[in-house]
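Proteins come first, then strands; the chains are lettered A, B, ... in the order of their sequence lines, and each starts at number 1.
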Protein chains: 2
Amino acid sequence: MAHVHDVDQALEQLRAEGERITTARRVVLEQVAAAHRQHLTAEALAERVEAQHPDIHLSTIYRTLDFLTGAGILVDVRMGRGPAAYHFAGDAHHHAVCSGCGQVIELGSETFDPVIRRLADEHGFEADPSHLVIRGLCRDCRAG
Amino acid sequence: MAHVHDVDQALEQLRAEGERITTARRVVLEQVAAAHRQHLTAEALAERVEAQHPDIHLSTIYRTLDFLTGAGILVDVRMGRGPAAYHFAGDAHHHAVCSGCGQVIELGSETFDPVIRRLADEHGFEADPSHLVIRGLCRDCRAG
DNA sequence: CTTGATGCAAATGGTTTGCATGTTT
DNA sequence: AAACATGCAAACCATTTGCATCAAG
């Protein structure tokens, strides 16, 4: 099954699986979609959700994110320390993070294709990386 | 500077940098070395350290691990949820983890060379990945 | 009406911090 | 002696959980 990358697909999948569609789930999905490719933490998402639905509790956000991640609709990103962030599973992308200045370079999902091919050839492994973080030094920090 | 992969090199580096060599630092390094390529958490390390030095406090382990990581001697691994784990920076290696059965395939550090080359060419980014985890399906789970 | 989702408050786990004291250089 | 590392206890943050209530199917 291809990965979901918008609200309608997500809702459709949930319906197909007989899962319940609640206000919290719909609103969380809408906010993830609205943040388009950004990495939103549970807290950040909660703020946005609260603006329109003050009755939705933070713990519900956590449970909802957990649920949607378990369903394969969202993926969670854990960049080093700090809180987890979430985006649609269909928005696969990767990051190069500079250990010097913290700059983040966004990398297309094709960046790792050579590695994926190699894993397939050598190990029969079908890699499906939704979010990799690779550390190093950016051009400026190498020079400086 | 090449990455450290044993106690002596680590101590030498610290000495060269004018950093202090304390009991805690030495013992932590010894335990990381003794665990050879395993992923030890701060807590696991603390247990081992306590066996010989009951006076070394858990908070000191955390501070020491932080210090050694900051010095580039150790790297910290954050696999999904749960506590961080540590190993020598010189023991770079990567994992392919099967989402089906949980099997872990260990990958040599050269696996990502094509990607590293590409980042250098396209972004001037000097990647230094010490520990990547790539998810997917292993041969058996693809077939099954 | 049944099953599962939610609000709330309280607990948890991992990690960090302030401060007085002890150790390394 | 000066600078820094440590023990301890308390704080912290992100996240999870128990339980009574509420909503979706």
Side-chain angles (χ1 to χ4, degrees), chain A residues 10-32 39-71 73-86, chain B residues 10-32 39-71 73-86:
Chain A
L11 294 178
E12 191 182 347
Q13 178 183 328
L14 291 182
R15 240 173 255 124
E17 289 171 355
E19 297 289 358
R20 294 191 180 174
I21 296 175
T22 65
T23 310
R25 289 177 184 175
R26 195 175 3 240
V27 174
V28 165
L29 285 168
E30 281 163 10
Q31 289 303 328
V32 171
H39 293 160
L40 290 190
T41 65
E43 206 102 28
L45 231 16
E47 262 177 50
R48 287 160 159 77
V49 166
E50 194 173 28
Q52 302 202 306
H53 297 264
D55 48 317
I56 294 183
H57 198 269
L58 178 57
S59 71
T60 299
I61 304 282
Y62 277 107
R63 282 193 274 230
T64 301
L65 289 171
D66 235 46
F67 168 79
L68 294 171
T69 302
I73 291 171
L74 300 183
V75 294
D76 59 336
V77 180
R78 314 220 169 214
M79 302 253 284
R81 33 207 94 199
Y86 297 81
Chain B
L11 294 179
E12 192 182 346
Q13 178 183 328
L14 291 182
R15 239 173 257 125
E17 289 173 354
E19 297 289 358
R20 295 188 178 178
I21 296 176
T22 66
T23 311
R25 288 176 185 176
R26 195 175 3 240
V27 174
V28 166
L29 285 168
E30 281 164 11
Q31 290 303 329
V32 171
H39 294 163
L40 291 189
T41 64
E43 206 102 30
L45 229 18
E47 263 178 49
R48 289 160 158 77
V49 166
E50 195 173 26
Q52 303 202 308
H53 297 265
D55 47 317
I56 294 181
H57 198 269
L58 178 58
S59 71
T60 299
I61 305 281
Y62 277 108
R63 279 192 275 228
T64 301
L65 289 171
D66 236 45
F67 168 78
L68 294 171
T69 303
I73 291 171
L74 301 182
V75 293
D76 59 336
V77 180
R78 314 219 168 215
M79 300 253 284
R81 35 205 93 198
Y86 297 82

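Residue E19(A) has its side chain nearest to dA5(C) when only dA5(D), dA5(C), dG7(C) are considered. Residue R20(A) places its side chain closer to dA24(D) than to any other of dA24(D), dA14(D), dG7(D). Comparing atom distances between the A24(A) side chain and each of dT6(C), dT15(D), dT16(C) picks out dT6(C) as nearest. Which of dT15(C), dT6(D), dT6(C) sits closest to the side chain of A84(B) comes down to dT15(C). Listed nucleotides dG7(C), dT6(D), dT6(C) differ in distance to T22(B); the shortest reach to its side chain belongs to dT6(D). Distances from the side chain of H57(A) to the nucleotides dA24(D), dT6(D), dC8(C) place dC8(C) closest. Side-chain proximity of S59(B) to the nucleotides dT24(C), dT17(D), dC8(D) is greatest for dC8(D).
In terms of phosphate contacts, T60(A) brings a side-chain nitrogen or oxygen within less than 4.0 Å of OP1 or OP2 of dG7(C). Residue Y62(B) has a polar side-chain atom (N or O) positioned under 4.0 Å from OP1 or OP2 of dT15(C). A close approach under 4.0 Å does occur between a side-chain nitrogen or oxygen of R81(B) and OP1 or OP2 of dT16(D).
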Could you go through the side chain to side chain contact (heavy atoms under 4.5 Å, CB included) check for E19(B) and Q13(B) one step at a time? CA-CA 9 Å; E19(B) 297 289 358; Q13(B) 178 183 328; over 6 Å; no

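The CG atom of L58(B) sits 14 Å away from the P atom of dG13(C) (whole-angstrom rounding).
Heavy atoms of R63(A) sit under 4.0 angstrom from at least one base atom. Note on T41(B): nothing from the nucleic acid sits closer than 4.0 angstrom, heavy atoms only.
Judged by closest nucleotide on DNA chain C, R25(A) is the one of R25(A) and G82(B) placed further toward the 5' end. Remark on DNA chain C: of its neighbouring residues P54(A) and A42(B), the 5'-side contact belongs to P54(A), judged by nearest-heavy-atom nucleotide.
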